[in-house]
Amino acid sequence: MGKRITIAIQRKGRLFENSKNLLIKSGINFTTNGEKLLARSSNMNVDILLVRDDDIPSLVSKGVADLGIVGQNVLAEQSTSNRKITAKAILDLGFSKCRLAFAKPSNSKLRSLKNKTIATSYPGLVKNYLRKNSINAEIIKINGSVELTPYIGIADCICDLISSGATLEANNLIEFKSLMNSEAVLISSSNIKNISDINIIELVKRFEGVINAAESKYVMLNADTNSIKQICKLLPGADSPTIIPLQQKNKVAIHALCSEPVFWETMEKLKQNGASSILVMPVEKILN
Ligand code: PRT
Ligand code: ZN
């Protein structure tokens, strides 16, 4: 039996559900009661550390955890101010997508950030942005409710995470510049190429398989033999569809694994090109 692998995930919050589901879909069985700091997998050599997201980059950098799941925003912010944060993102996980962006009151005349006061929970990233663009401005670090600061007169604008935009709207703020896009990432203390533990490599491959499967769909449809070429061209990210003859003459079934999203528009186009009985099915796991 090899050494146990430790994975740090957020104990509760926006990242928790998706992080937990990723581990479970990757075959790691475990239960949490929301209180425990450590959960042991019942079927694999894996321990799960349940912590605040802010602690994940340093736990992984120090080697307390082999892998961690955290927002790119948190990793990037901590990396600006702490040389000890050496953890690297090794896999984009596709959930908890948001952007870090500047916003101002909708009635504000603000045209540039020059000499303005910016409230943010991301002072390091904002400072780097200002420096890169040679802008002189003041940064106020606020840990929560950043969106209220322009109204209590302590900031001209804010730089905060946005996903749906509902919070900005509810506070009469409008976004005017995006600083970075973020999503949850798998982090490790070293680059993927330098990971030597075979068990960790295998686990990362499983995560990758689950992530790829989440975007992939298995498409089955029927078509006339003379429309095969056109239809195959329309299947998003399909490598090599399977063509199966049907009992009805000049009719085939086309089956394909599509690695890109299959939207209603795509299905409607397929139909216009002679496809019928179009089925789009979820894919659970992929091992390439
Ligand atoms: O307790 P702990 O420290 O672990 O959690 P936390 O409170 O620091 O973090 P949490 O759970 O709120 O968020 C964890 C991560 O989710 C963040 O670091 C981001 O990577 C990601 N994420 C994705 C978001 C959002 N979307 C998001 N919308 N984090 C925060 N928000 C907030 C934002 O700050 C603003 O207040 O939601 C509001 C805006 O949302 P919309 O939908 O109204 O635009
Ligand atoms: Zn946090």
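Counting starts at 1 for both ligands and their atoms, following the listed order. None of these values were measured; they are calculated from a predicted model.
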Cluster check Leu161, Phe16: I/L/V/M/F/W/Y, side chain < 4.5 angstrom: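 Shared cluster, no.
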Side-chain heavy atoms under 4.5 angstrom apart, residues restricted to Ile, Leu, Val, Met, Phe, Trp, Tyr: same cluster for Leu148 and Val126?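 No, it is not one cluster - the side chains of Leu148 and Val126 are not joined through contacts under 4.5 Å.
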Distance-only N or O hit between ligand 1 and Gln72, under 3.5 Å: no
So for ligand 1, is Tyr122 a polar contact partner (N or O within less than 3.5 Å, distance only)?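 Min N/O separation from ligand 1 is not below 3.5 Å for Tyr122.
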Looking only at protein heavy atoms, which one is nearest to [atom], and what is the separation?
{"atom": "atom 14 (C) of ligand 1", "value": "Asp53 OD2, 3.5 Å"}
{"atom": "atom 20 (O) of ligand 1", "value": "Asn73 OD1, 2.6 Å"}
{"atom": "atom 36 (O) of ligand 1", "value": "Asp160 OD2, 3.9 Å"}
{"atom": "atom 15 (C) of ligand 1", "value": "Leu15 CG, 3.9 Å"}
{"atom": "atom 41 (P) of ligand 1", "value": "Ser164 OG, 3.4 Å"}
{"atom": "atom 28 (N) of ligand 1", "value": "Ser163 OG, 2.9 Å"}

With a 3.5 Å distance limit and no angle check, can you tell me whether [X] reaches the backbone of [Y] through a side-chain donor-acceptor pair?
{"X": "Glu183", "Y": "Gly94", "value": "yes"}
{"X": "Asn82", "Y": "Gln78", "value": "no"}
{"X": "Asn181", "Y": "Arg99", "value": "no"}
{"X": "Ser61", "Y": "Thr86", "value": "yes"}

Counting only heavy atoms, tell me which of [options] gets closest to [atom].
{"atom": "atom 12 (O) of ligand 1", "options": "Arg52, Arg14, Gln10, Lys12", "result": "Arg14"}
{"atom": "atom 33 (C) of ligand 1", "options": "Leu161, Thr167, Asn171", "result": "Leu161"}
{"atom": "atom 22 (N) of ligand 1", "options": "Ala166, Gly165, Cys98, Gly71", "result": "Cys98"}

Taking atom NZ of Lys271 and atom CD1 of Ile231, what is their separation to the nearest 0.5 Å?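 Nearest 0.5 Å value for the NZ-CD1 distance: 12.5 Å.
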Near [X], which atoms of ligand 1 are under 4.0 Å from a heavy atom of that residue?
{"X": "Gly13", "value": "11 (O)"}
{"X": "Ile162", "value": "44 (O)"}
{"X": "Val74", "value": "18 (O)"}

Should the ring pair Tyr218 and His255 be called parallel, tilted or perpendicular, given that the plane angle runs from 0 to 90° and is split at 30 and 60?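 Rings of Tyr218 and His255: perpendicular, over 60°.
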Checking Lys177 against Phe102: charged group under 6.0 Å from the ring centre and within 45 degrees of the axis? no
Within 6.0 angstrom of Asp239 CG, more than 12 heavy atoms from elsewhere: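 No, not enclosed.
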Among the N, O or S atoms that Asp54 has, which is closest to the Zn ion (ligand 2)? OD1
Atom of Asp53 closest to the Zn ion (ligand 2), considering N, O or S atoms: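 Atom name of the closest N, O or S in Asp53: OD1.
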Val262 and Lys217 have their tightest heavy-atom pair at CG2-CB, 4.0 Å
If we count only non-hydrogen protein atoms and require a distance under 4.0 Å, does atom 7 (O) of ligand 1 qualify as touching the protein? no
